[in-house]
Amino acid sequence: MNVLLIGSGGREHAIAWKLRQSKDLGQLYTAPGNPGTARCGKNIPIDVNDTQALVDFARQRDIGLVVIGPEDPLAGGIVDAFEAAGIKAFGPNQAAAQLEADKAFAKQIMRANSVPTAESRTFDTFEDAKAYIASRDEAVVIKAVGLAKGKGVFVCNDPSDGILAAEKIMCDRIFGEAGAQILVEDKLLGQEASILAFVDGRSIYVMEPSQDHKPVGDGDTGANTGGMGAYCPAPIVTDKLMDHIIKEILVPTVDGMNRNGTPYKGVLYAGLMMTQGGPRVLEYNVRFGDPETQPILIRLQGDLLEILLAVCDGRLDEVDLSWDEKAAVCVVMASGGYPDAYEKGKVISGIDKAEAIEGVTVFHAGTSEKEGRLVTSGGRVLGVTGVGATITDAKAKAYEGVEKISFEGATYRRDIADKAL
Ligand code: AMP
Ligand code: GLY
């Protein structure tokens, strides 16, 4: 079967790498892809949001399944467009993608179905938001309601900073229309965990738990990023806790989406805070997480293409998934300056040496090919993933790999996975 994968990050390279191992895979096309996905199939220069061109391409190339990586096209209704054209697409339709694209919608679903989350209020004018924030004397979290590339959340220990954040989002519109409304939320304390599950509208298959590292600096300091590294499994999520998460969070969410008339299919990603009062939802994502997908898929045993098709066909209960016992740790190497401004076009060397180490796999994110050389082209450049018997071993492998790779200005966190040790 020919597959079209949409996206160009580390997540997509990991998906392409895993799909390549599927026994029924024919041609794999990635639009637009990166030099990593080019090693697993053929890259096609079509933008992820150019729905019509993607549908036309899929028709011409006899594509049996389309896999959508990033949230933007999902929120834009790309799955609806493929289904209207009679082509199977893995991911939620536009109505269900609101779970990520509209945080006010997500809160409504959580409230209506008693899914534990932070208390919050939604505002559509700055004046009302300001008056409310000013009336509070504890920390607040301000969130743009729409999509903001993971940067739309401000955790403010002082309410006066909360007012400034609300002003930037609502008046200065630093995230454009995504900031037409905001949520003002209570701050939760605890460790975070990413729970990803395959959902076919009815059945839920939970993947192994992982943990992301959002802030750019060691010890969780500095600005939030798309994610500077992740590991899997995350021991903080014990089997008992996972049962609780399935029962109290995933099942009511999936049932609630059905009751709401917006059935969910694809990967449901619950970003959780493990508070003293139990796990609470910080956010939903409607897709594989990045970088979490890199350490997760490297441990997945079983045929990814078969699983994705089963999700599309509503027969997830028929597939068998299992996991490599080993642990995986992914360290993101980023461009100097990220998540603020950074330079591109720096020559990357040493990937082959890193990959020569047993247990090390390098996934490309922000790389491109220029005059026959591999150069940086994004904030997050590479995900170096190490696999080992324990998290300690996997971490050592990942950093052994990182040390072999160089490009000017390369930065990375030194403490990925330390919370698990
Ligand atoms: P989100 O994009 O909603 O996951 O938020 C990005 C990051 O902001 C999360 O990974 C958390 O670190 C933090 N965050 C979001 N909501 C809260 C909250 N209610 N309390 C504390 N931290 C939060
Ligand atoms: N790593 C967080 C995300 O994919 O949104």
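Order of listing sets the numbers, starting from 1, for every ligand and every atom in it. Just so you know, these numbers use all the heavy atoms, side chains as well, and skip hydrogens, waters and symmetry mates.
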* To do: With side chain to side chain donor-acceptor pair (under 3.5 Å) as the test, would you mind laying out the steps for Arg111 and Ser120 before giving the verdict?
  => CA-CA 10 Å; Arg111 242 175 245 135; Ser120 74; 3.2 Å; yes
* Asked: Yes or no on salt bridge (Lys or Arg N to Asp or Glu O under 4.0 Å) for Asp220 and Arg413, after CA distance, side-chain angles and deciding distance?
  -> CA-CA 9 Å; Asp220 285 342; Arg413 279 181 62 161; 3.0 Å; yes
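In terms of protein heavy-atom proximity, atom 2 (O) of ligand 1 is closest to Glu283 OE1, 3.2 Å. Scanning the protein heavy atoms around atom 5 (O) of ligand 2, the nearest turns out to be Arg287 NH2, 2.9 Å. At the shortest separation from atom 21 (C) of ligand 1 among protein heavy atoms lies Leu188 O, 3.3 Å. Summary of contacts: the protein heavy atom closest to atom 17 (C) of ligand 1 is Leu282 CD2, 3.4 Å.
Counting the atoms of ligand 2 from 1 in the order shown, those under 4.0 Å from a heavy atom of Gly289 are 4 (O). The distance from ligand 2 to the heavy atoms of Lys214 drops below 4.0 Å at these ligand atoms: 2 (C). Those atoms of ligand 2 that come under 4.0 Å of a heavy atom in Gly226, given as number and element, are 1 (N), 2 (C). With ligand atoms numbered from 1 in the order given, ligand 2 contributes 1 (N), 2 (C) to contacts under 4.0 Å with heavy atoms of Glu292.
Other residues, nucleotides and ligands contribute at most 12 non-hydrogen atoms within 6.0 Å of the NZ atom of Lys326. In this structure, Glu138 places its CD atom where more than 12 heavy-atom neighbours from other residues, nucleotides or ligands lie under 6.0 Å away. Shown here is Gln191, whose CD atom has more than 12 heavy atoms of other residues, nucleotides or ligands within 6.0 Å.
Ligand 1 lies within reach of Lys143, whose nearest heavy atom is under 4.0 Å from it. Within the structure, ligand 1 has Asp186 among the residues with a heavy atom less than 4.0 angstrom away. The shortest separation from a heavy atom of Phe288 to ligand 2 is not under 4.0 Å, leaving the residue out of contact.
Within the 4.0 Å heavy-atom criterion, neither part of Arg11 lies near ligand 2.
By the 3.5 Å distance cut-off applied to N or O atoms, Asp212 is counted among the residues near ligand 2.
For the 3.5 Å distance criterion, the side chains of Thr117 and Lys107 qualify, holding a donor opposite an acceptor.
Under the side chain to side chain contact (heavy atoms under 4.5 Å, CB included) rule, Leu304 has a single partner from Val3, Ile15, Leu321, Leu309, which is Ile15.
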